[in-house]
Amino acid sequence: MKNKILFTSESVSEGHPDKVCDQIADAILDECLKQDKKSRVACEVLATNNKIVLAGEITSKAKININKIVKDVVKDIGYTKKEYGFTYKNVKIINMIKKQSLDIAMGVDQSDDVLGAGDQGIMFGYATNEDKTSYMPLPLIMAHRIVQLATSLRKKGILKYARPDMKSQVTIDYTSKDNLKVDTIIFSCQHDENIDFEQFKKELKTKVIDVVLKEYNFDKCENILINPTGRFVIGGPVGDTGLTGRKLIVDTYGGFVNHGGGAFSGKDPSKVDRSASYMARYVCKNLVASGMCDKCMIQLSYAIGYPKPISIYLDTYNTEKVDRNILLSCIKDLFDFTPKGIIDTLRLLDDNIRYRELTNYGHFGKNNFSFEQLDMVDKIKEYVKKASK
């Protein structure tokens, strides 16, 4: 019997303890940049029981109220009832943030026209045409959609017994590329005590899972597991300690490609962990949308204090329609991978950008952000046409 070709991705809701931390970090970043575009922010957050611990390095002229930001985020997520054990009213906040090292600042802030990379490291971007709307892997965007929809219904009072902490997992059967199937969906949703559990499971299936399946043109799923342990009352930072940057695969491509190890949330755009990852996604999405390949991955590497990347690597998984050397030259000639070039190209310091809006349900596939725009497709086509003559 032929084995199925299965791939699985997961997502988490904004009430997951790790995402609580990511949102606080990005909310602090947003407030710093709102007041001072030259803010240097690397904010780390830990959440456990009813405590929030903040650490990291911030150098900024901004005057921010850390305690208010933390409480506002926790309240907005939905941790508002004392029975949750973690609430915005009573959370204890421990602030251990310090200023950025002068040694790092010296390499980054070289002049108004030159900005060195905020750290060494490797970053990856990816795009695939298996979903033509988002150019993202199908199991990941479906997993995101499940927790996103359930959270929206919770906040509207439609899922009245649901609590903020949720996790989803979707397995797609890729055995037949022309006939993809949903093999398994797992959905764990925190809930109130003393409820009709079977009725709650039925609600989650009909109002969330069945809706998402229909949205992505699937009529069924082979296996659906809802709250497989049977009970999920204790959740959030009471049930599990949260940390910034611990949902890297959820934030990116669901495990389909490599990850350089650098987190996004709480970091200003001079940190290439964040900005170069956004740029790599931008390039990949425009390459795929231009029809040059069905999917592609780009790796960038940087040295601290150096503006230009040390290396650029392209992998099209043998789906390229033109010579890969032409595509690599196209990337190098059309795109500016210096930190300043990335910030300017993607408008990462514009007044209207709010990094907290990226924190939940993946940083990629949200078409309203600059690095998701397909504004380089025509230039790529023109470049390749000339280079292929």
* Under 3.5 Å, side chain of Thr8 to main-chain N/O of Thr171, donor-acceptor pair present? -> no
Partners passing ring-ring contact (aromatic ring centres under 6.0 Å, His included) against [X] (at least two apart in sequence or in another chain):
| X | value |
| --- | --- |
| Tyr361 | none |
| Phe256 | Phe7 |
| Tyr253 | Tyr126, Phe364 |

* Which pairs with one or both residues in residues 217-226 pass side-chain hydrogen bond (donor to acceptor under 3.5 Å, both in side chains), sequence neighbours excluded? -> Thr184-Asn223
Could you list the donor-acceptor pairs under 3.5 angstrom formed by side chains in residues 185-195, with sequence neighbours left out?
from: Gln190; atom 1: OE1; to: Asp165; atom 2: N; distance (Å): 3.0
from: Gln190; atom 1: NE2; to: Val233; atom 2: O; distance (Å): 3.0
from: His191; atom 1: NE2; to: Phe232; atom 2: N; distance (Å): 2.9
from: Asp192; atom 1: OD1; to: Arg163; atom 2: NE; distance (Å): 2.8
from: Glu193; atom 1: OE1; to: Arg231; atom 2: NH2; distance (Å): 3.3

According to side-chain contact (heavy atoms from CB on, under 4.5 Å), who are the partners of [X], at least two apart in sequence or on a separate chain?
| X | result |
| --- | --- |
| Ser311 | Gln299, Ser301 |
| Glu357 | Arg354, Phe369 |
| Asp336 | Thr338 |
| Asn325 | Asp323 |

Please output the side-chain donor-acceptor pairs of residues 286-296 that fall under 3.5 Å, not counting sequence neighbours, one pair per line with the distance.
from: Asn286; atom 1: OD1; to: Asp375; atom 2: N; distance (Å): 3.4
from: Asn286; atom 1: OD1; to: Met376; atom 2: N; distance (Å): 2.9
from: Asn286; atom 1: OD1; to: Val377; atom 2: N; distance (Å): 3.3
from: Asn286; atom 1: ND2; to: Tyr282; atom 2: O; distance (Å): 2.9
from: Asn286; atom 1: ND2; to: Gln373; atom 2: O; distance (Å): 3.0
from: Ser290; atom 1: OG; to: Asn286; atom 2: O; distance (Å): 3.2
from: Ser290; atom 1: OG; to: Leu287; atom 2: O; distance (Å): 2.6
from: Asp294; atom 1: OD1; to: Asn129; atom 2: ND2; distance (Å): 3.2
from: Asp294; atom 1: OD1; to: Lys321; atom 2: NZ; distance (Å): 3.4
from: Asp294; atom 1: OD2; to: Lys321; atom 2: NZ; distance (Å): 3.2

* salt bridge (Lys or Arg N to Asp or Glu O under 4.0 Å) contacts touching residues 124-149 (sequence neighbours left out) -> Arg145-Glu215
* Structure fact -> By side-chain hydrogen bond (donor to acceptor under 3.5 Å, both in side chains), Tyr383 pairs with (sequence neighbours left out) Asp333
